[in-house]
Engineer: 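Below is a structure I'd like to ask you about.
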Amino acid sequence: MPLSRWSRAVLPMLTLALSACSPADAPAPAVGATPPKVEVLRLPSPAHAAQPDLVAAPDGALLMSWVEPMDEGGHRLRFSRRPAQSGDWQAPRTIAQGTKWFVNWADTPHVQALPDGSLWAHWLRSTGPSRMDYGIDLVRSGDGGATWSAPQLVHPAGTPGDHGFVTFWPQARDRLGIAWLDSRQKAAGGTHAHHDDGHHGGGAPMMLRAAIYGAGERQESEWPWTPPPATAAPPRPP
C-alpha cells in the first residue's frame, strides 16, 4: 500500500525532529548491544486498497483495516487480524460495503477492539444533496468480525453538514468512547461550509462532540466538548 502524499512529505521531517529531540547527554549504545528487531510485515490488503488503519488489540494482536473499491461500483471496508502468537494475517473479512460512501485520503475509517472481545468500526456515508453532507456509521461485532450490527449514525439523522475525523478509545471493558468533528452548529445557524480538500469552513465553528456506546450497541450519552473554564493566575512569589 503506497504512502500518501502527506506521509511522503512529513516522514523525513519527523525523522529529523525526533533526532533533534534526543538529549545531548544521552548515553551511547553499549558496545555489542543487541540491535532492535525490525520486522517487515507483508500486508493482507490488495494492491488497489487505500485508507489503511492499524491498531493493537488488548490481547496483543494487530488489526488492520482498509477500504477497497468494488468492481460493480461503491466501496467495501475490510479488516484482517494478526494474532500476537502468530506471524500470519488471518483471511480478510468484510465489515460493510455500500455505494454512497464518502471516501477520501484524509478522513479514514477505524477499527477498535475492546477488552470484552468486541470489535467496533466506522466509515463515512453521504447523507444529503451536498457533496459535503456526510455522516458517521458505527457498527459492532461480538463474534470476532464474522457478523456486524446494523449501522447507526452517531449523530442525529437528518443533520446536514459534515461529520468525521473520528477517534476511538476504550471507555470501559465493554464500552466504547468515540469523538468526532460535527458541523450541526453550522446547519443550525443557517450556514453551510464550503469545503475543498482543505476543509475551509465559514459561519459558525465546528464542534468537537463525543459519545459512549455500551455492549447493547446503544448510545448511552453524547455531549459537546467545551473548553475548561479559565483559572486565575497563580500568585506571584513574594
Engineer: Do R140 and S149 have side-chain atoms, one donor and one acceptor, less than 3.5 Å apart?
Structural biologist: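 Absent: no donor and acceptor within the cut-off.
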Engineer: What do the steps show when you test H75 against M70 for side-chain contact (heavy atoms from CB on, under 4.5 Å), and what is the final call?
Structural biologist: CA-CA 5 Å; H75 298 82; M70 298 187 296; 5.8 Å; no
Engineer: Testing the basics here: between A61 and P83, what is the closest heavy-atom pair and its distance to 0.1 Å?
Structural biologist: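 A61 and P83 have their closest heavy atoms at CB-CA, 3.9 Å.
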Engineer: Do T127 and D133 get their side chains close enough for a donor-acceptor pair, meaning under 3.5 Å?
Structural biologist: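 T127 vs D133: no donor-acceptor pair found between side chains.
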Engineer: Is it true that R81 and D88 have a side-chain N and a carboxylate O under 4.0 angstrom from each other?
Structural biologist: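 Looking at D88 together with R81, the answer is no, because their closest N to O distance does not fall below 4.0 Å.
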Engineer: Looking at A96, is its backbone amide N or carbonyl O close enough to the side chain of T94 to form a donor-acceptor pair, meaning the two atoms are under 3.5 Å apart?
Structural biologist: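 No, because the side chain of T94 does not come within donor-acceptor range (under 3.5 Å) of the backbone of A96.
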Engineer: Would you say that T167 contacts I178 through its side chain, given a criterion of any heavy-atom pair below 4.5 Å between the two side chains?
Structural biologist: no
Engineer: Identify whether the distance between the nearest side-chain nitrogen and carboxylate oxygen of R125 and D137 falls below 4.0 Å.
Structural biologist: yes
Engineer: Say whether, by atom type as modelled, one donor and one acceptor occur between the side chain of H155 and the main chain of H163 under 3.5 angstrom.
Structural biologist: no
Engineer: Which atom pair, heavy atoms only, marks the closest approach of A113 to P58?
Structural biologist: O-CD, 3.6 Å
Engineer: Yes or no on side-chain contact (heavy atoms from CB on, under 4.5 Å) for I136 and L124, after CA distance, side-chain angles and deciding distance?
Structural biologist: CA-CA 5 Å; I136 303 162; L124 304 179; 3.8 Å; yes
Engineer: To check you understand the geometry: which heavy-atom pair defines the closest contact between F102 and N104, and what is its length?
Structural biologist: CE2-ND2, 3.1 Å
Engineer: What pair of heavy atoms forms the shortest contact from A146 to S141, and how long is it?
Structural biologist: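 Nearest heavy atoms, A146 then S141: N-OG, 4.0 Å.
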Engineer: Within the side chain of S221, is there an N or O that forms a donor-acceptor pair under 3.5 Å with the backbone of A211?
Structural biologist: no
Engineer: Could you label the plane-to-plane angle of the F168 and H122 rings as parallel, tilted or perpendicular, counting under 30° as parallel and over 60° as perpendicular?
Structural biologist: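 Taking H122 first and then F168, their aromatic rings stand perpendicular (interplane angle over 60°).
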Engineer: Taking W169 as the starting point, is it possible to reach L176 by hopping between hydrophobic residues whose side chains are less than 4.5 Å apart?
Structural biologist: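 No, because L176 and W169 fall into different hydrophobic clusters, even though each may have its own neighbours under 4.5 Å.
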Engineer: Using atom types as modelled and distance alone, determine if a side-chain donor or acceptor of Q219 lies under 3.5 Å from a backbone N or O of I212.
Structural biologist: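 No: the side chain of Q219 does not pair with the backbone of I212.
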Engineer: Answer whether the closest heavy-atom distance between the side chains of Q152 and Y213 falls below 4.5 Å.
Structural biologist: yes
Engineer: Given a cutoff of under 4.5 Å between side-chain heavy atoms of I, L, V, M, F, W and Y, with clusters grown through shared members, what are the other residues clustered with W148?
Structural biologist: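 W148 clusters with V55, L63, V67, L77, F79, I95, W101, V103, V111, L119, W123, V139.
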Engineer: Looking at every non-hydrogen atom in both residues, tell me the closest pair between P160 and S183 and how far apart they are.
Structural biologist: O-OG, 3.9 Å
Engineer: Look at E217 together with R175 and state whether they make a salt bridge at an N to O cut-off of under 4.0 Å.
Structural biologist: no
Engineer: Output yes when a side-chain donor or acceptor of S80 lies under 3.5 Å from a complementary backbone atom of P44, and no otherwise.
Structural biologist: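 A pair under 3.5 Å: no.
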Engineer: In the structure I gave you, are the side-chain heavy atoms of W66 and P109 within less than 4.5 Å of one another anywhere?
Structural biologist: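 They are not in contact (no side-chain heavy atoms under 4.5 Å apart), so the answer is no.
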Engineer: Do M64 and S45 come close enough that some side-chain heavy atom pair is under 4.5 Å?
Structural biologist: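 Yes, their side chains come closer than 4.5 Å.
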Engineer: Strictly distance-based, threshold 3.5 Å: is any side-chain N or O of D107 a donor or acceptor partner for the main-chain N or O of F165?
Structural biologist: yes
Engineer: Whether the side chain of R131 engages the backbone of S126 through a donor-acceptor N/O pair (distance < 3.5 Å, no angle test) should be reported.
Structural biologist: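 Checking the backbone N and O of S126 against the side chain of R131, no donor-acceptor pair under 3.5 Å is found.
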Engineer: Taking the side chain as every heavy atom from C-beta outward, state whether P46 and E68 have any pair of such atoms under 4.5 Å apart.
Structural biologist: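 Side chain of P46 against side chain of E68, heavy atoms only: contact under 4.5 Å found.
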Engineer: Say whether D53 and H110, considering side chains only, have a donor N or O and an acceptor N or O under 3.5 Å apart.
Structural biologist: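 Distance-only check passes for D53 and H110.
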